[in-house]
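Just so it is clear: chains get the letters A, B, ... in the order the sequence lines come, proteins before strands, and each one is counted from 1.
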There are 2 protein chains.
Amino acid sequence: MYSSQLLKGTYQTVILKLLNENKRMYGYEISQRVKEESKGEIQLPEGSLYPILHKMTEEGFLKMEKVNIGRRVRRYYSITTAGTSEAVVRMEELERFMSTMKLLMQPNTGTA
Amino acid sequence: MYSSQLLKGTYQTVILKLLNENKRMYGYEISQRVKEESKGEIQLPEGSLYPILHKMTEEGFLKMEKVNIGRRVRRYYSITTAGTSEAVVRMEELERFMSTMKLLMQPNTGTA
DNA sequence: TGCAATATATCGCTATGCAATGTATTAACA
DNA sequence: TGTTAATACATTGCATAGCGATATATTGCA
């Protein structure tokens, strides 16, 4: 796991990306997928995950529907039209950001 | 410029990296270098820069010396032994982080 | 029965960034 | 000479984001 400060601002992008590629997912499922796809490097804690899902739903990027699974109510999230646009913007921004950071991290002794 | 949330946690790494490669630099110089090397994409605001320099000096990663330039007192920062170790750790962490994010950002429809 | 996994939720604390604002020196230029 | 811009450092106070801790309930399995 990373010093966590690095993750800031990436969670929303990751979630939007996942929901952009999957019809619907529920919170726990998202956290498991992130863990899986990141090979255990990123574990989205509940204290972060659920507030983000609520917030992005409020903002209109996601929509939620309750589905009864046995006696349990599962909350499925899916992406909205606005969410799809946002996903694209965020992913592009993240790519650009990573290019810039790569540039900055290049060894550079005495070039100036 | 990026949504700023992405930058969180990277400033310290960037500063440590610069000071690891240069004997000494002063605040303004650092901000200009970051702007230059990032091709204008990252502009370290003073409100972020100076508090970070002070903090990292307190923590023992940097040391500061005042130098008189004409009537002006310039504050030069250089990296300590602890700072060099920290720089390595931080840079490695950033690299790992970027690999993981790259992995997560790969298109992935219906693989599962 | 009891434990682990599944599933969601919230409170309160911490870390970080940064706009705004202030001060002072130095250089350029009209 | 007066003014503007660049250089150089600093601090206050607000906003954002993450997340550990904690709580609750269901489900599956040994």
* With a non-hydrogen cut-off below 4.0 angstrom, is E46(A) in contact with a base, only sugar-phosphate, or nothing? -> base
* Asked: Do S38(B) side-chain atoms and V34(B) backbone N/O form a donor-acceptor pair below 3.5 Å?
  -> yes
* Asked: Rounded to the nearest Å, what distance is computed from the CD1 atom of residue I30(A) to the C1' atom of nucleotide dT6(C)?
  -> 15 Å
* Structure fact -> Whole-Å distance, I69(A) CD1 to dA7(C) P, equals 8 Å
* Asked: Between Y26(B) and S31(B), is any pair of side-chain heavy atoms under 4.5 Å apart?
  -> no
* May I have the distance from Y77(A) (atom OH) to dA7(C) (atom C1'), rounded to whole angstrom? => 11 Å
* To do: May I ask you to verify if any side-chain N or O of Y50(B) is less than 4.0 angstrom from the OP1 or OP2 atom of dA10(D)?
  => no
* Identify whether Y50(A) and I69(A) are in the same connected component of the hydrophobic contact network (ILVMFWY, side-chain heavy atoms under 4.5 Å). => yes
* Asked: Does the side chain of T80(B) come within less than 4.5 Å of E86(B)'s, by heavy atoms?
  -> no
Can you pull every protein N or O that's under 3.5 Å from an N or O on nucleotides 14-18 of chain D?
{"unit_1": "dA17(D)", "atom_1": "OP2", "unit_2": "K55(A)", "atom_2": "NZ", "d": "3.1"}
{"unit_1": "dG18(D)", "atom_1": "OP1", "unit_2": "G9(A)", "atom_2": "N", "d": "3.2"}

* Asked: According to a strict under-4.0 Å criterion, is H54(B) in side-chain N/O contact with OP1 or OP2 of dC9(D)?
  -> no
* **Spacing of Q32(B) atom CD relative to dC9(D) atom P, expressed in whole Å** => 11 Å
* Asked: Are R74(A) and dA7(C) close enough that a side-chain N or O sits under 4.0 Å from OP1 or OP2?
  -> yes
* Under 4.0 Å: is that the gap between some side-chain N or O of R71(B) and OP1 or OP2 of dT26(C)? -> yes
* Structure fact -> Picking from dA10(D), dA9(C), dA5(C), the nucleotide nearest the side-chain atoms of R75(B) would be dA10(D)
* Got K66(A) and M64(A) here, is their nearest side-chain heavy-atom distance under 4.5 Å? -> yes
* To do: May I ask you to check whether Y76(A) and R74(A) show a side-chain donor-acceptor distance below 3.5 Å?
  => yes
* Is a side-chain donor or acceptor of T100(B) paired with a backbone partner of E41(A) at a separation under 3.5 angstrom? -> no
* Asked: Which whole-number value in Å describes the distance from E29(B) CD to dA8(D) C1'?
  -> 12 Å
* Position toward the 5' end of DNA chain C (nearest nucleotide), P51(A) or R72(A) -> R72(A)
* Give the rounded distance in Å between these two atoms: CG of L6(B) and P of dA15(C). => 22 Å
* Structure fact -> L44(B) CG to dT7(D) C1', in whole Å, measures 16 Å
* Quickly work out the Q43(B) CD to dA6(D) P distance and round it to whole Å. => 13 Å
